[in-house]
Amino acid sequence: HVLTCFIGYAALTVSFVASAVLLCKPDDDKALDTISYKMVAFGFLFLTLGIVSGAVWANSAWGTYWSWDPKETWSLITWFIYAIYLHVRFRKGWRGKRAAWVSIIGFLAMVFTYFGVNYYLSGLHSYAAGDSVPVPSFVYIVVIVLTAISLLAYSKYKTGKKTGDI
């Protein structure tokens with residue numbers, strides 16, 4: 001199940017990059033929006049397969065399909081966020097920047113599912129044993145870069161909204 005989740009994570013990361021670039025542009029780019037959507041659809045499929053196959057594996061290993069382990073719980077939260085993304089695209093017609101924000105929120109949940117749970121929450125899927133683990137330097141860099149991109153995109157979005165470009 002790990003490989004299927006990694007394939008899903010890779011696709012969802014591509015969707016995040018496309019969404020972040022889309023938010024930095026003054027107007028909606030249909031090509032970036034399409035890339036983001038297709039990568040979410042592909043990644044969502046593999047995330048679903050990873051969760052289901054992980055549950056089957058857990059049943060054979062521990063005698064239960066679901067134990068509300070932090071990794072399982074955060075995988076489900078990430079799955080729900082991307083399900084919301086697909087829902088608002090299909091049912092509400094969200095495209096462009098609005099859909100891109102949901103993709104970015106999903107990516108942040110995915111990053112926490114992978115790094116945060118593994119290193120900071122104890123459970124069956126983690127490396128934490130209740131001890132405090134120092135935060136790796138790259139995490140600070142990633143947070144700073146993502147915050148800068150988000151603030152830049154938000155400021156461009158607000159500026160475009162005032163001038164009527166959006």
Side-chain angles (χ1 to χ4, degrees), residues 1-55 57 69-121 125-126 135-161 165-166:
H1 75 283
V2 174
L3 179 62
T4 56
C5 285
F6 275 156
I7 292 170
Y9 288 168
L12 297 173
T13 300
V14 172
S15 173
F16 163 75
V17 171
S19 295
V21 172
L22 176 66
L23 288 175
C24 290
K25 291 188 159 229
D27 55 346
D28 281 347
D29 185 329
K30 289 186 182 197
L32 288 172
D33 185 51
T34 301
I35 290 168
S36 179
Y37 161 68
K38 287 183 177 183
M39 289 296 102
V40 167
F42 182 81
F44 184 77
L45 171 68
F46 276 87
L47 185 60
T48 301
L49 291 172
I51 291 171
V52 170
S53 61
W57 184 88
D69 176 70
K71 179 69 92 173
E72 294 169 349
T73 303
W74 274 95
S75 292
L76 185 62
I77 290 168
T78 301
W79 186 89
F80 274 124
I81 292 170
Y82 283 110
I84 289 168
Y85 173 92
L86 294 171
H87 174 77
V88 297
R89 268 193 80 94
F90 288 131
R91 302 296 295 167
K92 301 292 183 185
W94 285 18
R95 301 281 189 273
K97 294 182 185 336
R98 290 189 343 182
W101 281 113
V102 181
S103 174
I104 287 173
I105 292 167
F107 178 78
L108 294 174
M110 183 188 74
V111 168
F112 183 77
T113 299
Y114 188 72
F115 290 109
V117 170
N118 283 355
Y119 294 107
Y120 298 106
L121 300 177
H125 291 89
S126 65
V135 177
S137 299
F138 77 90
V139 172
Y140 291 114
I141 294 168
V142 168
V143 168
I144 290 168
V145 168
L146 292 178
T147 302
I149 290 171
S150 298
L151 291 174
L152 176 66
Y154 182 74
S155 69
K156 287 188 175 267
Y157 172 74
K158 281 299 199 183
T159 303
K161 198 171 189 177
D165 292 340
I166 294 179

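In this chain, residues are counted from 1 in sequence order. Basis for what follows: all heavy atoms, side chains included, without hydrogens, waters or symmetry-related copies.
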TODO: Any salt bridge (charged side-chain N to carboxylate O under 4.0 Å, His left out) involving residues 32-44? Give me the pairs, sequence neighbours left out, ordered by first then second residue.
DONE: Asp33-Arg89

Task: Euclidean distance, Thr34 OG1 relative to Arg95 CZ, rounded to 0.5 Å - done: 8.5 Å

TODO: Report yes if some heavy atom in the side chain of Ile77 is under 4.5 Å from a heavy atom in the side chain of Trp74; otherwise report no.
DONE: yes

Open item on the list: Under the rule for side-chain hydrogen bond (donor to acceptor under 3.5 Å, both in side chains), what residues qualify as partners of Ser75, not counting sequence neighbours?
Closed with: none

Task: Atom of Ser53, atom of His1 and distance for their closest heavy-atom approach - done: OG-CB, 2.9 Å

TODO: Report the distance from atom NE2 of His87 to atom CD1 of Ile81, rounding to the nearest 0.5 Å.
DONE: 15.0 Å

TODO: Calculate, to the nearest 0.5 Å, the distance between atoms CD1 and NZ belonging to Ile51 and Lys71 respectively.
DONE: 11.0 Å

- [ ] Determine whether Ile104 and Leu23 make a side-chain contact, defined as any pair of heavy atoms from C-beta on separated by less than 4.5 Å.
- [x] yes

TODO: Any chance you could measure Leu151, atom CG, to Thr147, atom OG1, to the nearest 0.5 Å?
DONE: 6.5 Å

Open item on the list: The criterion is side-chain contact (heavy atoms from CB on, under 4.5 Å); which residues satisfy it with Phe42, sequence neighbours excluded?
Closed with: Ile7, Ala11, Phe46

TODO: Check side-chain contact (heavy atoms from CB on, under 4.5 Å) between Ala83 and all other residues, then give those that pass, not counting sequence neighbours.
DONE: Phe44, Trp79

Task: Residue pair Val102 / Tyr82, side-chain heavy-atom distance below 4.5 Å - done: no

Task: Pairing residues for Tyr85 by the ring pair (Phe, Tyr, Trp, His ring centres under 6.0 Å) criterion, not counting sequence neighbours - done: none

Open item on the list: Test your reading of the model: is there a side-chain donor-acceptor pair from Ser15 to the backbone of Met39, 3.5 Å cut-off?
Closed with: no

Open item on the list: Applying side-chain contact (heavy atoms from CB on, under 4.5 Å), can you list everything that pairs with Phe6, at least two apart in sequence or on another chain?
Closed with: Val2, Tyr9, Tyr114

- [ ] For Ile149 and Ala20, work out which heavy atoms get closest and say how close.
- [x] CG2-CB, 3.9 Å

- [ ] State which residues pass ring pair (Phe, Tyr, Trp, His ring centres under 6.0 Å) with Phe107; sequence neighbours excluded, sorted by chain then number.
- [x] Phe16

Open item on the list: Once rounded to the nearest 0.5 Å, what's the spacing between atom OG of Ser19 and atom CG of Leu12?
Closed with: 10.0 Å

Task: Atom pair CZ (Phe112) and CG (Leu108), whose distance is rounded to the nearest 0.5 Å - done: 11.5 Å

Task: Partner set under side-chain contact (heavy atoms from CB on, under 4.5 Å) for Leu32, not counting sequence neighbours - done: Ala18, Val21, Leu22, Lys25, Asp29

